[in-house]
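Take a look at the structure set out below.
Hydrogens, waters and symmetry mates are skipped; everything else that's a heavy atom, side chains included, is used. Here is the naming used below: chain letters follow the sequence lines, and residue numbers restart at 1 for every chain.
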Amino acid sequence: MKRLAIIVFNLSLLAAVGSAASVESVQFETAQQRSLYSNLLTELRCLVCANQSLADSNADLAKDLRSKVQNMVARGQSRQEIIDYMVKRYGEYILYRPLFSRATLFLWISPFLLVVFSCVFAVILIMKKSRQTHPYSTKQLQKAKQLLEDESN
Amino acid sequence: MNRFGLPLLVFLILIGFLGIGLTLNPRELPSPLLGKPSPAFSAPRLLAPQQNFHNAQMNGEVWLLNVWASWCVACRTEHALLMHIAQHTTVRLVGLNYKDDAADAVDWLQRFGNPYSIIAVDRNGDIGIDYGVYGVPETYLLDKTGHIRFKQVGPLTTGTLQSLLQMIEKLHEETL
């Protein structure tokens, strides 16, 4: 238990290093703006390095977009306004969490479908296995028993 | 038969999806700006810094906006095609010098030739963000009303050039 705690603690340190490495330190007037800013950075995708959010990326474009977000937050624009601004220019792809729409429906429900299918598959398999009769005939089993007894005598 | 049939079926489906995946270009994103009016901008000109270029001054013309920079390696491969467009077609080519040093940009043009009729400067990339630029070079095709009709991310190629010229031809015939 103690060891697990140490591992978890170390991992959390790693995570802190990873996210702090690339983001410039910025100043805001209120704590609210600060948290909106850092929240938006994890919600928006860096388009050059598709599997990183703006908070994770060191790319030039990510830096530019970060400073754009910073300016918009400092100007007092709302979360939705900033997200709309980005989507209007870069498309829905810039959202790190895809929207739930008809185009992304399969993407969202496929993990659940997979779980359901595997459960059904497992249940069928188990039922089949438990219903299965012994692979050896009674005659063969008797013979085996006989041999074992002979051996022990 | 069933013992192998099911895994084989799953395998084939998987191969099918992976095969489709190979034919797609994950870097190609549909621009939400297609069919929309191009974002307005006004920026100083690279070769005449005291003058400003405003994109509205191109209204009534079919034109290309090419985002480039001297630090962009792919821009160099594209350059020959841009020269071809400048010399052999009537479409006006406007350059947007993106996040570049002015001296480097002028030097680049002197060395390789200048295919642009006008070059606007986007020093800190703000216009780029407005246009959703994420991979230089990018090329936008604008119609007579200033709507974006086509966008190419990455360098133009001889293959895309052909269809681009056809599109330009068609847009020329559109009346205001």
Q: Provide the closest heavy-atom pair for B:P32 versus A:G91 in the form atom of the first, atom of the second, distance.
A: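 That closest heavy-atom pairing would be CG-N, 3.2 Å.
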Q. For the residue pair A:Y90 and B:V133, what are the closest heavy atoms and their distance?
A.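 Scanning both residues, the minimum pair turns out to be OH-O, 3.1 Å.
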Q. Crowded around B:Q87 CD? As in, over 12 foreign heavy atoms under 6.0 Å?
A.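 Yes, CD of B:Q87 has more than 12 neighbouring heavy atoms, counting only those of other groups under 6.0 Å.
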Q.
Does atom CD (B:Q57) have a neighbourhood of more than 12 heavy atoms from anything else shown, all under 6.0 Å?
A.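 Enclosed.
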Q: Tabulate, in ascending numerical order, the residues of residues 74-81 of chain A having at least one heavy atom closer than 4.5 Å to a heavy atom of chain B, or enter 'none'.
A: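 Near chain B, by residue number: none.
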Consider only side-chain heavy atoms of I, L, V, M, F, W and Y, link residues closer than 4.5 Å, and tell whether [X] and [Y] are in one cluster.
X	Y	answer
A:V116	A:I109	no
B:V136	A:I94	yes
B:W108	B:M83	no
B:I168	B:I148	no
B:L47	B:W68	yes

Q.
Walk me through whether A:L65 and B:Y134 qualify under side-chain contact (heavy atoms from CB on, under 4.5 Å).
A. CA-CA 10 Å; A:L65 290 178; B:Y134 65 93; over 6 Å; no
Q. Do the side chains of A:Y85 and B:I129 get nearer than 4.5 Å, heavy atoms only?
A.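 The answer is yes, as the side chains (C-beta and beyond) meet within the 4.5 Å cut-off.
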Q. At a heavy-atom separation under 4.5 Å, does A:K88 approach chain B through its side chain, its backbone, both, or neither?
A.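 Just the backbone, heavy atoms under 4.5 Å.
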(Q) Does any backbone or side-chain atom of B:K99 lie under 4.5 Å from a heavy atom of chain A? Answer side chain, backbone, both or neither. (A)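 Only the side chain of B:K99 comes within 4.5 Å of chain A.
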Q) Is chain A contacted by the side chain of B:D130, its backbone, both, or neither, given a heavy-atom distance below 4.5 Å? A)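 Backbone plus side chain of B:D130, per the 4.5 Å heavy-atom cut-off to chain A.
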